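Structure first, then comments.
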Amino acid sequence: MADLARMAGVSTATVSRALADSPLINAQTRQRIQALAREHHYAINQGARNLRTQRNQTIAVVVPYEQAAHQQLSDPFFLAMIGALADAMTGRGHDMLLNRLDAADLERMADLVHTGRAMGIVLIGQWHHHERLNALADTGLPMVVWGADMGPGQRYASVGGDNRAGGRLACEHLLSLGRSRIVFLGDPELPEVAQRWQGHCDALAEAGLKPDPRLLLSVPFDTRRAAQALSALCDSGVAFDAVQASSDLLALTSIQVLRPRGLRVPADVAVIGYDDMPLSALANPPLSSIHQPVPQAGQVLVESLLALLAGETVPHHTLPVHLVQRRSTEP
C-alpha cells in the first residue's frame with residue numbers, strides 16, 4: 001500500500017479508502033489508484049483487514065478426513081454440499097474458505113475463527129466426534145454441523161436429513177417389491193447411518209421380519225471396503241435379493257460387484273442408494289435413491305450459522321427426504 005501511495009503521490013490512507021471504494025475520495029483519484037493496483041497485481045490481505053476492522057465476511061467449510069473411512073473430498077455428496085453452501089454464501093455476500101482437516105485434530109478448526117480467517121464454521125459430518133463437538137460448542141465456537149440430531153445431550157447447532165424416515169422408506173420400498181433378504185450396507189456406528197439402520201429395522205419389524213445379522217455389512221463410506229464385504233457375502237452363499245446402501249456411491253459399487261457374478265439388477269438383486277446425487281440418474285441401470293434436499297440444506301446451514309453469530313439460539317433442523325424410484329428397483 002505504501003508503494004502504491006508513492007506511485008500515486010497520495011497518502012496510504014487515501015490508497016486504503018480508494019481501494020475500499022470510499023466516496024470520501026473523488027472518482028478520478030479512486031479510478032487512478034485502482035488502476036495502479038490492478039497493474040501491479042496488488043491484493044488486499046483480507047485476514048489482516050478483518051483483524052484490524054473486526055469485520056469478517058468469510059465462512060469456513062470444514063470437511064474432516066477420517067483415516068479409517070477413506071471417504072474422499074471428491075465424493076459426490078461432499079461436492080454437492082460444498083456447491084450448495086457456496087451458492088448460499090454468495091447470495092448473502094459471504095466468502096467461503098474450504099478446509100480439509102484430519103479428524104484427529106478436529107479442535108484445530110477453532111483456529112480459523114480465533115485467527116480472524118473466518119467468522120464461523122460449517123462442519124460437514126459428525127463422524128464419531130459428538131462429544132468433541134459438544135466440547136467445542138461449550139467454548140462458544142460459532143459452528144453449525146451437518147449431521148444427525150443426537151437428542152437432548154447435543155449442545156451444538158446442527159442440520160440434517162430425516163435419516164430414520166429415509167432408512168424406513170428405502171426398506172419399505174424393497175419389501176413392497178417382494179424382497180425380504182435385504183443387505184444393509186453402511187456403518188451403524190456413524191450417527192446418520194445409525195438412524196438409517198433404525199429406519200430399516202422399523203420397516204422389517206412392521207413386515208413381521210427380523211434383521212439377519214449376516215446381512216448387515218458394517219462398512220464406512222469406502223468403496224473398496226464395501227466391495228470386499230459384498231464380495232465376501234456373495235462367496236459365503238448367504239442368500240439375499242436386495243441391497244440398501246447408505247450412499248449412492250456404495251450402491252453403485254454394489255452393482256459393480258454383482259454384475260460380474262451374473263447377478264442382474266434388479267431382476268436378481270434390487271439396489272437402492274441414499275442422497276440421490278445427479279449421477280444416480282446416469283447409472284446403468286439408473287439408481288433408485290432416497291433424495292436429500294442438498295440445496296435447501298446449504299441455505300439452512302448458512303442461515304443457522306448467521307443466526308448463531310447474531311446471538312440467537314439455534315435448534316436442530318431436520319429436513320424431509322423422499323424416495324426416487326428408478327430402474328434399479330423396478331418390480
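Residue numbers start at 1 and run along the sequence shown. Here the structure is a predicted model, which means the values were calculated and not measured.
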So does Val10 get a backbone contact from the side chain of Thr14, meaning a donor-acceptor N/O pair under 3.5 Å?
no
Drop me the distance from Leu169's CG to Asp202's CG, to the nearest 0.5 angstrom.
11.5 Å
Shortest non-hydrogen contact between Met119 and Pro142, atoms and distance:
O-CG, 3.5 Å
Any sub-3.5 Å donor-acceptor pair from Arg179's side-chain atoms to Asp241's backbone N or O?
yes
Check for a donor-acceptor pair, side chain of Arg132 on one end and backbone N or O of Ala103 on the other, with a separation under 3.5 Å.
yes
Decide side chain to side chain contact (heavy atoms under 4.5 Å, CB included) for Leu308 and Glu312; before the verdict, give the C-alpha distance in whole Å, the side-chain angles of both, and the deciding distance to 0.1 Å.
CA-CA 5 Å; Leu308 197 65; Glu312 300 176 24; over 6 Å; no
Tightest non-hydrogen contact, residues Pro266 and Ser328, listed as CB-O, 3.1 Å
Under 3.5 Å side-chain donor-acceptor pair for Glu189 and His128:
no
Taking Ser246 for its side chain and Leu185 for its backbone only, find out whether a donor-acceptor pair lies under 3.5 Å.
yes
Under 3.5 Å: donor-acceptor pair, side chain of His322, backbone of His291
no
Once rounded to the nearest 0.5 Å, what's the spacing between atom CE of Met143 and atom CD1 of Ile121?
7.5 Å
If we ignore hydrogens and angles and just use 3.5 Å, is the side chain of Asn134 paired with the main-chain N or O of Gln154 as donor and acceptor?
no
Beyond-backbone contact of Leu98 with Val63, side-chain heavy atoms, under 4.5 angstrom:
yes
According to side-chain contact (heavy atoms from CB on, under 4.5 Å), who are the partners of Arg108, at least two apart in sequence or on a separate chain?
Leu101, Asp105, Asp111
From Leu79 CG over to Leu279 CG, what is the distance, rounded to the nearest 0.5 angstrom?
10.0 Å
Give a yes-or-no answer on whether the side chains of His173 and Thr329 include a donor-acceptor pair shorter than 3.5 Å.
yes
Qualifying residues under side-chain contact (heavy atoms from CB on, under 4.5 Å), relative to Gln228, sequence neighbours excluded
Arg224, Arg225
Taking the side chain as every heavy atom from C-beta outward, state whether Phe77 and Val294 have any atom pair closer than 4.5 Å.
yes
Leu306 CG to Ile59 CD1 distance, which is reported to the nearest 0.5 Å:
5.0 Å
Could you list the residues that satisfy side chain to side chain donor-acceptor pair (under 3.5 Å) with Trp146, not counting sequence neighbours?
Glu192
Note: Cys234 and Leu258 closest approach over all heavy atoms is SG-CD2, 4.2 Å
If two hydrophobic side chains count as joined below 4.5 Å and joins carry through other members, does Val324 share a cluster with Tyr274?
no
With sequence neighbours excluded, what pairs up with Arg264 under the salt bridge (Lys or Arg N to Asp or Glu O under 4.0 Å) test?
Asp268
Side chains of Val243 and Ile182: closer than 4.5 Å at any heavy-atom pair?
no
Can you tell me if Thr253 and Thr223 form a side-chain donor-acceptor pair at under 3.5 Å?
no
Check whether the side chains of His316 and Thr318 place a donor and an acceptor atom closer than 3.5 Å, and report yes or no.
yes
Does a side-chain heavy-atom distance below 4.5 Å link Val265 with Arg259?
no
Using modelled atom types and a 3.5 Å cut-off, is there a donor and acceptor pairing between side-chain atoms of Gln126 and backbone atoms of Leu190?
no
Does Gln292 form a side chain to side chain contact (heavy atoms under 4.5 Å, CB included) with Leu319? I'd like the steps, not just the answer.
CA-CA 8 Å; Gln292 294 216 81; Leu319 305 179; over 6 Å; no
List for me each residue that meets side-chain contact (heavy atoms from CB on, under 4.5 Å) alongside Pro213, sequence neighbours excluded, and say none if there are none.
none
Keeping Thr58 on the side-chain end and Asp95 on the backbone end, is there a donor-acceptor pair under 3.5 Å?
no
Is there side-chain contact between Leu305 and Val314, with heavy atoms separated by less than 4.5 Å?
no
Shortest non-hydrogen pair, Leu175 vs Ala203, comes out as CD1-O, 3.6 Å
Can you see which heavy atom on Ala37 is nearest to which on Leu19, and at what distance?
CB-CD2, 3.8 Å
Do the side-chain N and O atoms of Arg92 and Gln299 include a donor-acceptor pair separated by under 3.5 angstrom?
yes
Nearest-0.5 Å distance, CG of residue Leu301 to CG of residue Leu123
10.0 Å
According to a hydrophobic-cluster definition based on side-chain heavy atoms being under 4.5 Å apart (Ile, Leu, Val, Met, Phe, Trp, Tyr only), do Leu36 and Met1 belong together?
yes
Do Leu233 and Leu204 sit in one hydrophobic cluster, given that two such residues count as connected whenever their side-chain heavy atoms are within less than 4.5 Å of each other, even indirectly?
no
Who passes side chain to side chain donor-acceptor pair (under 3.5 Å) against Arg261, sequence neighbours left out?
Asp235
List the steps, then state whether salt bridge (Lys or Arg N to Asp or Glu O under 4.0 Å) holds for Arg326 with Asp276.
CA-CA 11 Å; Arg326 299 190 180 95; Asp276 189 31; 3.0 Å; yes
Quick check against the 3.5 Å criterion: does Arg100 have a side-chain atom that pairs as donor or acceptor with the backbone of Pro64?
yes
Short side-chain to backbone donor-acceptor contact, Arg196 and Asn163, under 3.5 Å:
no
Determine whether Asn26 and Thr29 satisfy the following criterion, side-chain hydrogen bond (donor to acceptor under 3.5 Å, both in side chains), listing intermediate values before the conclusion.
CA-CA 6 Å; Asn26 70 65; Thr29 303; 3.0 Å; yes
Less than 4.5 Å apart, side chain to side chain, heavy atoms only: is that true for Leu4 and Met7?
yes
Measuring from Asn99:CG to Leu112:CG, what's the distance to the nearest 0.5 Å?
4.5 Å
Side chains of Glu172 and Ser176: donor-acceptor distance under 3.5 Å anywhere?
no
Is there side-chain contact between Cys171 and Phe184, with heavy atoms separated by less than 4.5 Å?
no
Is there a path of hydrophobic side-chain contacts, each under 4.5 Å between heavy atoms of I, L, V, M, F, W or Y residues, that connects Val193 with Val145?
no
Grouping I, L, V, M, F, W and Y whenever their side-chain heavy atoms are under 4.5 Å apart, do Val159 and Val122 come out in a common cluster?
yes
Looking just at side-chain N and O atoms, do Asp275 and Ser247 make a donor-acceptor pair shorter than 3.5 Å?
no
What I'd like to find out is whether the side chain of Leu136 reaches to under 4.5 Å of the side chain of Tyr156, using heavy atoms alone.
no
For Gly298 and Ala88 the tightest heavy-atom approach is O-CB, 3.6 Å
Checking Gln244 against His200 for the side-chain hydrogen bond (donor to acceptor under 3.5 Å, both in side chains) test, could you report, in this order, the C-alpha distance in whole Å, the side-chain angles of both residues, the deciding distance, and whether it holds?
CA-CA 9 Å; Gln244 179 179 340; His200 171 88; 2.8 Å; yes
